[in-house]
2 protein chains.
Amino acid sequence: MSLSGPSVSAGPADPLVWDSVRDRLHDRGLRWTPQRRVLVAVLAETRGHVTGAELVERCRERDPATIPSTVYRTLDVLEDLGIVRHGHGPDGREEYHVLPDAIHGHLHCKACGSTWELEATDVTALVRALDDEHGFEVDLSHVTIVGRCRRCRD
Amino acid sequence: MSLSGPSVSAGPADPLVWDSVRDRLHDRGLRWTPQRRVLVAVLAETRGHVTGAELVERCRERDPATIPSTVYRTLDVLEDLGIVRHGHGPDGREEYHVLPDAIHGHLHCKACGSTWELEATDVTALVRALDDEHGFEVDLSHVTIVGRCRRCRD
DNA sequence: GCCACTAATGCGACAAGTTGCAGCAGAGAT
DNA sequence: ATCTCTGCTGCAACTTGTCGCATTAGTGGC
Ligand SMILES: [Mn+2]
Ligand SMILES: [Mn+2]
Ligand SMILES: [Zn+2]
Ligand SMILES: [Zn+2]
């Protein structure tokens, strides 16, 4: 079991993934629009976590005319394509992960607010148990465990 | 390991808990207001899960002048007192549990939308591992595991 | 019953999304 | 280049909360 330090996920984004987005959309009969180009450009230079609101903000830097609903709808599409994945922070707010980052969940202390990444190996037992006994397939990226860290328990 | 069926948590609410709320507030120098009486009355006849918005709605049935921020702030106080606990649904929306219901988390299939309760025994391994190795104390009521159920995996 | 202390309410503004709908515009066909 | 089909955008309204601030009103003490 290993927990990486306070929320600093790295992992170089594969440029080929971004080049293929247009084709992946076309293959499904979907379109490659200016608004989508902006969001994909933003995602291409994003590592680790981003909230939906942050992505909207970053898109606005490139195109001030950016409309939130368009960004959120495009994120839904990209999630379908398996290019991003979202979870929810301890407050329920959206948190996006840009793939092919290693998929992980989060551990959050509600007392001090610290966050740690929860790797696949940390939850192996739970994932296997749910699968074996109920056929349930866990989406690790959507897992946020809230509680209290050692320091805050005194 | 046992999963109760689709989201129908029962568990009789202990009336003594409700009678004691007033005193528990006073002990902390907090006040027993008409607005709080309404929310506590609503909670007293609530079983299983409720979203924050639903609670606001039910309070409005008793007192149409109910203000959302007051309800949410009172819920925070009651959570401090250990009378309710909240988690977040798969969409991040708040979900309240009225104690002394058995504390549990949730399992949610993002394909068909079904929800199952996740009992303490289901996550024993994870809880113990995080505690032993990192001193992290999991708040089970705040755990929502998202993924795909057996039926939806085909 | 009246005072003083301060917790709690009401209200308005704001944040983060979501949804329906009319009109716009990609993409392939001709 | 133009046409057509339909996916996508922009917009506006709405949902679910959150926050700061002036005002109100519980409470305990007198
Ligand atoms: Mn929460
Ligand atoms: Mn979600
Ligand atoms: Zn902590
Ligand atoms: Zn399902």
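Sequence lines set the chain letters: A, B, ... in the order given, protein chains first and strands last, and positions in each chain run from 1.
- For residues 55-65 of chain B, every residue pair satisfying the side chain to side chain donor-acceptor pair (under 3.5 Å) rule, not counting sequence neighbours, is listed here: B/Glu45-B/Arg62, B/Thr46-B/Arg58.
- If you take CZ of B/Arg73 and P of C/dA7, they are 14 Å apart, rounded to a whole angstrom.
- One interatomic measurement links the two molecules: CG of B/Asp91 to C1' of D/dT16, which rounds to 10 Å at whole-angstrom precision.
- Going from atom CG of B/Asp76 over to atom C1' of C/dA7 covers 15 Å, rounded to whole Å.
- As rounded to whole Å, 12 Å separates atom C1' of D/dC19 from atom CZ of A/Arg93.
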For the pair A/Thr66 and A/Leu39, evaluate side-chain contact (heavy atoms from CB on, under 4.5 Å) and give the outcome as yes or no after the intermediate values.
CA-CA 10 Å; A/Thr66 298; A/Leu39 176 56; over 6 Å; no

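- Side chain of B/Leu30, nearest nucleotide from C/dA7, C/dT9, D/dG10: C/dA7.
- Look at A/Thr33 and you'll find a side-chain N or O under 4.0 angstrom from OP1 or OP2 of D/dT9.
- The shortest distance between the side-chain N/O atoms of B/Ser69 and the OP1/OP2 oxygens of D/dC19 is not below 4.0 Å.
- Checking the phosphate oxygens (OP1, OP2) of D/dT18, no side-chain nitrogen or oxygen of B/Tyr72 falls inside 4.0 Å.
- The nearest whole Å value for the distance from the CG atom in B/Leu25 to the C1' atom in C/dA8 is 11 Å.
- No side-chain donor from either of B/His86 and B/His97 sits under 3.5 Å from a side-chain acceptor of the other.
- In this structure, B/Arg31 does not reach the C/dT6 phosphate: none of its side-chain N or O atoms is under 4.0 Å from OP1 or OP2.
- Nearest to the side-chain atoms of B/Ala53 among the listed nucleotides C/dA27, C/dC11, D/dG17 stands D/dG17.
- A residue-by-residue look at A/Glu95 and B/Ile67 shows that B/Ile67 has its nearest nucleotide of DNA chain C further toward the 5' end.
- A donor atom on one side chain and an acceptor atom on the other are found under 3.5 Å apart for A/His49 and A/His106.
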I would like to know whether A/Val143 and A/Val123 meet side-chain contact (heavy atoms from CB on, under 4.5 Å); could you show each step before the answer?
CA-CA 10 Å; A/Val143 172; A/Val123 291; 5.5 Å; no

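- Taking atom CZ of A/Arg58 as the reference point, atom P of C/dA16 lies 14 Å away to the nearest angstrom.
- If you check distances only, the side chain of A/Thr70 never reaches the base of D/dC8 with a donor-acceptor pair under 3.5 Å.
- Between B/Gln35 and C/dG10 there is a side-chain polar atom (N or O) within less than 4.0 angstrom of OP1 or OP2.
- Applying the 3.5 Å distance criterion, the base of D/dC8 shares no donor-acceptor pair with the side chain of A/Thr74.
- The interatomic distance linking A/Leu55 (CG) with C/dT18 (P) rounds to 13 Å, in whole Å.
- Heavy-atom distances to DNA chain C give each of A/Gly52 and A/Pro34 a nearest nucleotide, and the one nearer the 5′ end belongs to A/Gly52.
- Atom CG in A/Asp27 sits roughly 14 Å away from atom C1' in C/dG28 (whole-Å rounding).
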